[in-house]
There are 2 protein chains.
Amino acid sequence: MQDAVIKHIQKFINLEPSEIALLESSLTTSQIKKKDHVLEEGQICNTMYFIVKGCMRQYIINSRGTEQTLQFGVENWWITDYLSYHNHTTSHFYIQAVETTEVIALEKTVLESILIKIPSLEKYFRIVAQKAFGAAQMRIKFLFTMSAEERYNHFKNQQPDFVQRVPQYMLASYLDFSAEFMSKIRAGKV
Amino acid sequence: MQDAVIKHIQKFINLEPSEIALLESSLTTSQIKKKDHVLEEGQICNTMYFIVKGCMRQYIINSRGTEQTLQFGVENWWITDYLSYHNHTTSHFYIQAVETTEVIALEKTVLESILIKIPSLEKYFRIVAQKAFGAAQMRIKFLFTMSAEERYNHFKNQQPDFVQRVPQYMLASYLDFSAEFMSKIRAGKV
DNA sequence: TGTATTTCTTGAAGTAGTTCAAGTTTTTAA
DNA sequence: TTAAAAACTTGAACTACTTCAAGAAATACA
């Protein structure tokens, strides 16, 4: 199962056999049950999670008590609160399994020691973070320039399967409109 | 002037004297005049810009022909379109100097060769990108949970000087509301 | 398999913002 | 030092959404 992350790493950098062996011995997968949290608001985030199989989400609870999803993560994605992770500050976010999910949980201390032993991993995590930031920039662009209906249709075109995979109210909040409005969009009542 | 970026790098990693020398010989600053672009929509972004002094912004032109600022960059920030940079695809963005700005422009080919000679720089760019992504996550949180007036007040509290530094209409679009509404918020007419 | 829980739907009323248009003020540069 | 350009302001009309409340449908699990 650790194979998944090793395969993903090898898309970006070369690993020596000894490095693969080291990685295999350092990593373990674990299962997060549907609806369980790996991070809650107010905690310090000391772990990065690589999703082997399943779906996680990062969300907040707004002033009206409604959950708003900021980010989904699926197979081959890393999910964490980088700000809390780096600054050792309490997190503003929840991270939760949307489905029962297999993850590789990488503790900060473990990761730091691996990064020293396999410096080329720095490049891997650099590229992962740069791509994630690029995607966040595009996300902000879509939020700024498209209407609710356009955002829904655009997302559905890009990720047709994913739309079926998560509850509509989670997707609605990710696209920044209400669950009720989502219903009306889908029914063609807007 | 390259000192600025070297100092910034040294906040995160150690550099050998030889590495500093190599960096100094590889980097040059240039001046971008106010309102000049370093990237326009449709171009491929092959350069990262480190801001030594001044202010740049990344923006788009929306369907109504209005500019919307997605990101500002000031002293000690890197600005680029990471998605275009990595995927070698045409950019959706403009990057422009808000004030006349001194930058260190780092071409992809140059950067790649420096990264090979100074592998520890990978760590520096990893941390820069991870922090930028963390900040983008917080930005999305604020956009999702705060009213226009709250976003303005929050930004003003966090960055009191910056509010004076850029035209209000640019800041309004960055905070995702209209220039007219900004005027009313500031006049207390909301 | 049935019941509790979660998710989705619908309409009515409300509102936080936008858009437009025109005028005013400030900044820029020849 | 003045004319042109850029930035800001204001009010009135509008609209893309939200909120609320209640019921219906789908899903989970004992």
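In the text below, chain A, chain B and the rest are named by the order of the sequence lines, each starting its count at 1.
- Ring geometry for A/Phe50 versus A/His8: interplanar angle of 30 to 60°, hence tilted.
- B/Thr28 meets the side chain to side chain contact (heavy atoms under 4.5 Å, CB included) test with no other residue; sequence neighbours excluded.
- Of all the residues in residues 136-165 of chain B, not one reaches under 4.0 Å from DNA chain D with any non-hydrogen atom.
- Residues that satisfy the side chain to side chain donor-acceptor pair (under 3.5 Å) test with B/His154, not counting sequence neighbours, are absent from this structure.
- Taking five base pairs at each end of the helix from C/dT1-D/dA30 to C/dA30-D/dT1 and finding the rotation axis that steps the C1' atoms of four pairs onto the next four gives two axes whose angle is 60°, to the nearest 10°.
- Where DNA chain C meets chain B (any atom under 4.0 Å from a heavy atom), the bounding nucleotides read 5' to 3' are C/dG17 to C/dT28.
- Shown here are the side chain to side chain donor-acceptor pair (under 3.5 Å) partners of B/Glu107, two or more places apart in sequence or in another chain: B/Thr47.
- Applying the salt bridge (Lys or Arg N to Asp or Glu O under 4.0 Å) test to every pair with at least one member in residues 88-101 of chain B, sequence neighbours left out, gives these pairs: B/Glu99-B/Arg165.
- Under the ring pair (Phe, Tyr, Trp, His ring centres under 6.0 Å) criterion, A/His92 pairs with no residue, sequence neighbours left out.
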Would you be so kind as to tabulate the donor-acceptor pairs closer than 3.5 Å made by side chains of residues 51-63 of chain A, with sequence neighbours excluded?
residue: A/Arg57; atom: NE; partner: A/Gln96; partner atom: OE1; Å: 3.0
residue: A/Arg57; atom: NH1; partner: A/Thr69; partner atom: OG1; Å: 2.8
residue: A/Arg57; atom: NH2; partner: A/Glu67; partner atom: OE1; Å: 2.6
residue: A/Arg57; atom: NH2; partner: A/Gln96; partner atom: OE1; Å: 3.0
residue: A/Gln58; atom: NE2; partner: B/Gln137; partner atom: OE1; Å: 3.4
residue: A/Tyr59; atom: OH; partner: A/His37; partner atom: NE2; Å: 2.6
residue: A/Asn62; atom: OD1; partner: A/Arg64; partner atom: N; Å: 2.9
residue: A/Asn62; atom: OD1; partner: A/Gly65; partner atom: N; Å: 3.1
residue: A/Asn62; atom: OD1; partner: A/Thr66; partner atom: N; Å: 3.0
residue: A/Asn62; atom: ND2; partner: A/Gln68; partner atom: OE1; Å: 3.1

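- With values rounded to the nearest 0.5 angstrom, B/Phe162 atom CZ is found 15.5 Å from B/Lys156 atom NZ.
- Every residue meeting the side chain to side chain contact (heavy atoms under 4.5 Å, CB included) condition with A/Ser113, not counting sequence neighbours, appears here in chain and number order: A/Lys117.
- Checked by atom type and distance alone, the side chain of A/Gln43 pairs as donor or acceptor with a backbone atom of A/Glu40 at under 3.5 Å.
- Between B/Lys184 and the phosphate of D/dT10, there is no side-chain N or O to OP1/OP2 separation shorter than 4.0 Å.
- Of the possible donor and acceptor atoms, none in the side chain of A/Ser91 sits under 3.5 Å from a partner among the backbone N and O of A/Ile44.
- With sequence neighbours left out, B/Arg151 forms a salt bridge (Lys or Arg N to Asp or Glu O under 4.0 Å) with no residue at all.
- Checked by atom type and distance alone, the side chain of A/Asp36 never pairs as donor or acceptor with a backbone atom of A/Ile32 at under 3.5 Å.
- Residues A/Glu180 and B/Phe177 each lie close to DNA chain C; by heavy-atom proximity, the contact nearer the 5' end of the strand is made by A/Glu180.
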Tabulated below should be each protein N or O lying under 3.5 Å from an N or O of nucleotides 6-8 of chain D; please produce it.
residue: D/dA7; atom: OP2; partner: B/Tyr169; partner atom: OH; Å: 2.9
residue: D/dC8; atom: OP1; partner: B/Gln168; partner atom: N; Å: 3.0
residue: D/dC8; atom: OP2; partner: B/Gln168; partner atom: N; Å: 2.9
residue: D/dC8; atom: OP2; partner: B/Tyr169; partner atom: N; Å: 3.2

